Structures are given as C-alpha cells and as structure tokens.
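Please read these numbers as outputs of a predicted model, since none were measured by experiment. For ligands, and for the atoms within them, numbers begin at 1 and follow the listed sequence.
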Amino acid sequence: MSQPLLSSSDAARIRLSFEFFPPKSEEMAGQLWSTVDELAAWQPEFVSVTYGAGGSTREPTRSTVERLLRHTSLSTASHLTCVGATREEVAQVVDDFRRIGVRHFVALRGDPPDGAGAAYRPHPGGYANAAELVAGLRAIDDFEISVSAYPEKHPESADVAADIDMLKRKVDAGATRALTQFFFDNDQFERYLEKVRAAGIRIPVVPGIMPIQNLQQLKRFAGACGAGIPAAIDARLAHLDADPAARATVAAELAAEQMADLYRRGIHEFHIYTMNRAPLTNRALRMLGLRPASTAAGAAA
Ligand code: FAD
C-alpha cells in the first residue's frame, strides 16, 4: 500500500484520540512514555487513561493522568468506573482528580469484580449504571463527559435497542461524546449509527479503532466483550503467525482501510486503542495519508 488512502485535504480533516492504560511495571512505564512521546506528533484532540476493574488501578490511573497533564501539552481524560464504590467514594476520587486538573472523564459502569460476563451488582450505596454516574459527575462540576457505546451491543444487553436506550439515558444525564467498543464491521457500525440518530441522540459517536497487535489475544478479548472478528480479517492475518513483519504490515493496513472506509461514510473522528504501543498506530495513520507534526510538541518530559 504505497499511495495514501486519503487525499491530503481529507486526511487533514481527521481528528484523533488515543487510549492508554496505566503501566504495571517499570518496563511498561518506559514503553508507555515513549509511546506517548511518539504519538503526540499526531496532535490528538485528547488522550485517555483507563481505570482498572474494581478500582484496582485508581492510583496508577491517577499518577499516569497527572504526569500527562503536568509534563505534556496533551488534553487528557481519565476513565472512571463506579463498580464497587459508594457515591461518596466516587465523589472523593472525582474531587482528587479534579484537583490535579482533570476536566474530562470517560464515565463507565465497569465490569463486575468477577470479570466480564459475571452478574453485575451495584454497590448498595453506589451508582447502578453509567447513566447514574454521568448524572453524579454533572452535579459535581461542568466536566466534559464521554461514555461508552456498543455497535455490536454490550454482552449484558438484551438487544441493540436496549443498548441505545442506555446510551440515550447517558446523553440525557449529560454525556457529550460516545466512544465505541472496538469493531471491524463498518456496515454494522453504520446501521447502529442510523438507529442512534433515529433515537434522537446527537452527540458525536466516535468509532473505537483497534490496530491488531495479537490476533489470538484479541479473539479471547473480543469474545468476552461481544465484539466480532470478521472471517476476512482472520483470513488475512491468521497464516502470518510466523512472520511478525508481514503481520504488522497487514495489521496496519487493516486499521488504515477501516478508517478510510469510515471516512468515506462521513466519520472524521477516531479513538484508537493503542495498547500503549506506537508502531502500528503510526503506520496505519501514515497509510491513511496523515502526516505527523515535525516535532512532538506534546512530548512527555
Ligand atoms: P453501561 O453504559 O451502564 O451499560 C452498558 C450496556 O449494558 C447498556 O447498554 C445496558 O443496556 C447494559 N446493561 C448494563 N447493566 C445491565 C444490567 N444490569 N442488566 C442488563 N443489561 C445491562 N472498563 C473498565 O473497567 N475501565 C475502563 O477504563 C474502561 N474503559 C472503557 C472505554 C470504552 C470506550 C468502552 C467501550 C468500555 C470501557 N470499559 C472499561 C468496559 C466497561 O466498563 C464494560 O463494558 C462494562 O461492562 C460496562 O460499562 P458501561 O459504562 O459501558 O455500562
């Protein structure tokens, strides 16, 4: 794929955000900060940092967000879940994060402590779902609030209509943007978006793009969160297990082709699940036709 997929004027209209997770070791921290440094050159609208299951990475999330806010020029959102916490405990976390400068939350219910698929039981003194959490955040301050959306429906939802109903409740409570679970079937996303708009939801619904770092790992993860991997993608990647260089090229092509196709359907904003690694995202964005800023002005110190 030598020709960029989009013209330079089309590519210039694309807006990006990048998702990171808090590192669990010194080595992973080194990888995250060099990734942040490299990806800053794409001048994302914002970056976000995930919040661990059951609040388990509250402190790593906090310190990662704090470093991004202090030492880079990147607009930074913190994910926040309400699983296993009282409303007061959530308010304390919000207050703490607000003091370090957080103005944008990605507000989520979170998975049950026993993992995705287990029955979710709200904490007796806590929020029952993300819509209640959004309302709680709105009552605290005038935050920017992003929420989740599920083009292939959340595994706990009866159907897509129930999912869109929950998205509507989150928007009515004050959410200003939805970031989707990753998906690979753009037709399905387009049908989902039509239903979202028909339900009167007007906020941006930003596709979550997952450059495929490891197909086998992704299959396990996708199974748990209800995302399908089309046979065509499997066919293009599955036989490349023994050839990492070819696999990386195809994975970057797949992400670039998916974004180019979405662009042609009128979608100009993408949230990229970076998995704290830069190379695939860099390659996919170059294939798409984007050019990074010459200096990583937002680089981490
Ligand atoms: P909600 O929006 O409250 O619900 C999601 C859907 O599930 C709804 O459509 C609703 O219909 C259905 N549902 C919810 N509760 C029930 C119920 N009791 N019975 C039947 N149906 C129900 N997880 C983390 O732990 N940390 C993160 O940082 C994180 N970041 C994420 C970022 C994005 C962009 C996305 C898409 C997901 C993220 N998740 C994260 C995963 C998320 O926490 C799980 O998918 C969780 O199971 C649902 O949280 P939610 O906010 O989407 O829930």
Side-chain angles (χ1 to χ4, degrees), residues 17-22 24 46-62 64-65 76-85 90 93 97 102 104-123 126-137 145-183 189 192 195-196 199 201 203-210 221-227 269-276:
S17 54
F18 297 131
E19 185 169 306
F20 304 117
F21 59 84
K24 294 193 182 84
F46 68 93
V47 299
S48 74
V49 180
T50 62
Y51 198 85
S56 56
T57 69
R58 180 181 308 170
E59 183 43 42
T61 299
R62 185 191 185 283
T64 304
V65 167
T76 302
S78 181
H79 293 216
L80 174 72
T81 69
C82 55
V83 56
V90 171
V93 174
F97 279 43
V102 176
H104 178 181
F105 286 99
V106 181
L108 304 140
R109 185 199 72 179
D111 282 323
D114 294 337
Y120 182 83
R121 279 186 206 82
H123 190 286
Y127 296 111
N129 53 47
E132 289 190 1
L133 175 62
V134 171
L137 279 168
I145 303 175
S146 298
V147 292
S148 63
Y150 297 89
E152 295 174 83
K153 92 174 187 62
H154 186 275
E156 287 172 49
S157 291
D159 48 34
V160 172
D163 236 273
I164 292 176
D165 188 48
M166 176 60 86
L167 181 59
K168 178 94 169 60
R169 287 169 60 190
K170 294 190 280 195
V171 174
D172 291 345
T176 48
R177 174 194 296 99
L179 305 170
T180 80
Q181 183 60 277
F182 66 85
F183 63 90
F189 173 75
Y192 169 78
K195 290 180 187 157
V196 165
I201 297 169
I203 61 168
V205 177
V206 182
I209 303 295
M210 176 74 88
F221 187 55
C225 63
E269 205 172 345
F270 304 111
H271 182 70
I272 301 186
Y273 293 102
T274 69
M275 307 306 284
N276 291 5

Proximity flag Lys170 to ligand 1, non-hydrogen atoms under 4.0 Å: yes
Asp172 and Lys168 ion-paired at < 4.0 Å: yes
By ring pair (Phe, Tyr, Trp, His ring centres under 6.0 Å) - contacts of His104 (at least two apart): Phe46
Step-by-step side chain to side chain contact (heavy atoms under 4.5 Å, CB included) determination, Arg169 to Glu132: CA-CA 9 Å; Arg169 287 169 60 190; Glu132 289 190 1; 5.5 Å; no
Ligand 1-proximal atoms of Tyr273, by part, heavy-atom distance under 4.0 Å: side chain
Within-shell test, Tyr120 vs ligand 1, heavy atom, strictly < 4.0 Å: no
Ligand-side contact atoms (ligand 1) for residue partner Ala162, heavy atom cut-off under 4.0 Å: 11 (O)
Geometric class of the His154/Tyr150 ring pair [parallel <30°, tilted 30-60°, perpendicular >60°]: perpendicular
Any Phe21 heavy atom less than 4.0 Å from ligand 1: no
Parallel, tilted or perpendicular: ring planes of Phe182 versus Phe221, cut at 30 and 60 degrees: parallel
Contact check, Gly208 vs ligand 1, heavy-atom distance below 4.0 Å: no
Check: Leu108 N/O within less than 3.5 Å of ligand 1 N/O: no
Heteroatom proximity flag, Thr50 to ligand 1, N/O under 3.5 Å: no
Per atom 44 (C) of ligand 1, closest listed option by heavy atom (Asp159, Thr180, Asp111): Asp111
Heavy-atom gap Val106 to ligand 1 smaller than 4.0 Å: no
Contact atoms of ligand 1, heavy-atom distance to Gln181 under 4.0 Å: 36 (C)
Side chain to side chain contact (heavy atoms under 4.5 Å, CB included) evaluation trace for Phe183 with Tyr192: CA-CA 12 Å; Phe183 63 90; Tyr192 169 78; over 6 Å; no
Numbering as shown, the atoms of ligand 1 that approach Ala130 to under 4.0 Å (heavy-atom distance): 1 (P), 2 (O), 3 (O), 51 (O)
Pick from Glu132, His154, His79, Glu156: the one approaching atom 20 (C) of ligand 1 most closely through a non-hydrogen atom: Glu156
Structural part of Thr81 in contact with ligand 1, heavy atom criterion under 4.0 angstrom: side chain
Side-chain donor/acceptor of Asn129 to backbone N/O of Arg109, under 3.5 Å: no
Side-chain donor-acceptor pair present, His271, Ser17, cut-off under 3.5 Å: yes
side-chain hydrogen bond (donor to acceptor under 3.5 Å, both in side chains) involving Thr274 - partner list, sequence neighbours excluded: none
